[in-house]
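First the structure, in the form of structure tokens, and then the observations on it.
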Amino acid sequence: MNIEELRNYCITKKGVTEHFPFDEVTLVFKVMGKMFALVGLDRWEQGETKINLKCDPERALELRAEYESINPGYHMSKKHWNTVTLNNDVSDTLAFELVDHSYELVVKGLTKKLQEELKSM
């Protein structure tokens with residue numbers, strides 16, 4: 001997967017916006033103002049195809065045990081975030097599934113008002 005495929009997949013989800021809140025190289029995808037995915041563009045261009053994704057804590061532990069390319073979130077809560085290295089033992093299909101999981105977790109955690117607003121978009 002390349003960065004454009006990842007970006008297009010994230011940005012087409014309902015209620016998603018992209019930002020650079022930390023610096024000019026960390027691309028952040030948010031749903032209704034809440035982060036669900038982060039990518040270091042400078043590192044991506046150097047061949048480190050990594051994305052930080054939110055994950056259910058139990059599932060995060062299972063994924064880390066099963067895949068060498070899934071580790072505790074870099075610069076994130078290790079309990080709730082994974083750093084996923086793409087194009088290694090993580091297939092594009094699994095990567096997209098993990099993006100979906102992250103998105104859905106964040107949506108589930110939104111206030112009822114924001115969830116209703118998202119539904120009406």
Count I, L, V, M, F, W, Y as connected when their side-chain heavy atoms are under 4.5 Å apart, and connections chain through other members. Are Val16 and Leu41 then in the same cluster?
yes
Can Val90 be reached from Tyr103 by stepping across I, L, V, M, F, W or Y side chains whose heavy atoms are under 4.5 Å apart?
yes
Side-chain donor/acceptor of Asp89 to backbone N/O of Tyr67, under 3.5 Å
no
Please lay out, stage by stage, how Leu98 and Leu63 fare under the test side-chain contact (heavy atoms from CB on, under 4.5 Å).
CA-CA 10 Å; Leu98 295 174; Leu63 288 166; 3.6 Å; yes
Asn82 side chain to Ile70 main-chain N or O, any donor-acceptor pair under 3.5 Å?
no
Ile3, Leu94: one ILVMFWY side-chain cluster at the under-4.5 Å cut-off?
yes
Looking at Lys79 and Ala60, what are the two nearest heavy atoms and their distance?
O-CB, 4.3 Å
Let me see the working for Gln115 and Leu118 under side-chain contact (heavy atoms from CB on, under 4.5 Å), right down to the final yes or no.
CA-CA 5 Å; Gln115 287 180 8; Leu118 179 63; 5.6 Å; no
Between Val99 and Leu6, does the side-chain contact (heavy atoms from CB on, under 4.5 Å) criterion hold? Intermediate values first, please.
CA-CA 9 Å; Val99 169; Leu6 176 62; 4.2 Å; yes
From CA spacing to verdict: side-chain contact (heavy atoms from CB on, under 4.5 Å), Glu104, Val107
CA-CA 5 Å; Glu104 291 161 10; Val107 168; 5.6 Å; no
Identify every side-chain donor-acceptor pair in residues 19-33 under 3.5 Å, counting partners at least two apart or on other chains, and give the distances.
residue: His19; atom: NE2; partner: Thr17; partner atom: OG1; Å: 2.6
residue: Asp23; atom: OD1; partner: Val25; partner atom: N; Å: 3.0
residue: Asp23; atom: OD1; partner: Thr26; partner atom: N; Å: 2.7
residue: Asp23; atom: OD1; partner: Thr26; partner atom: OG1; Å: 2.9
residue: Asp23; atom: OD2; partner: Thr26; partner atom: OG1; Å: 3.3

Pairs of donor and acceptor atoms involving the side chains of residues 43-55, under 3.5 Å and at least two apart or interchain, shall be tabulated with distances.
residue: Thr49; atom: OG1; partner: Leu86; partner atom: O; Å: 2.9
residue: Asn52; atom: OD1; partner: Thr83; partner atom: OG1; Å: 2.6
residue: Asn52; atom: ND2; partner: Tyr74; partner atom: O; Å: 2.9

On a heavy-atom basis, the closest approach of Lys78 and Gly73 is NZ-O, 2.7 Å
Show every salt bridge (charged side-chain N to carboxylate O under 4.0 Å, His left out) that has at least one partner inside residues 6-18, sequence neighbours left out.
Arg7-Glu18, Lys13-Asp100
Can you tell whether the side chains of Lys119 and Glu116 come within less than 4.0 Å, N to carboxylate O?
yes
Counting only heavy atoms not in Glu68, do more than 12 fall under 6.0 Å of its CD?
no
Are Arg59 and Glu97 ion-paired here, with the side-chain N under 4.0 Å from a carboxylate O?
yes
Output for pair (Leu105 CG, His80 NE2), nearest 0.5 Å, gives 9.5 Å
Do the side chains of Leu38 and Met76 get nearer than 4.5 Å, heavy atoms only?
yes
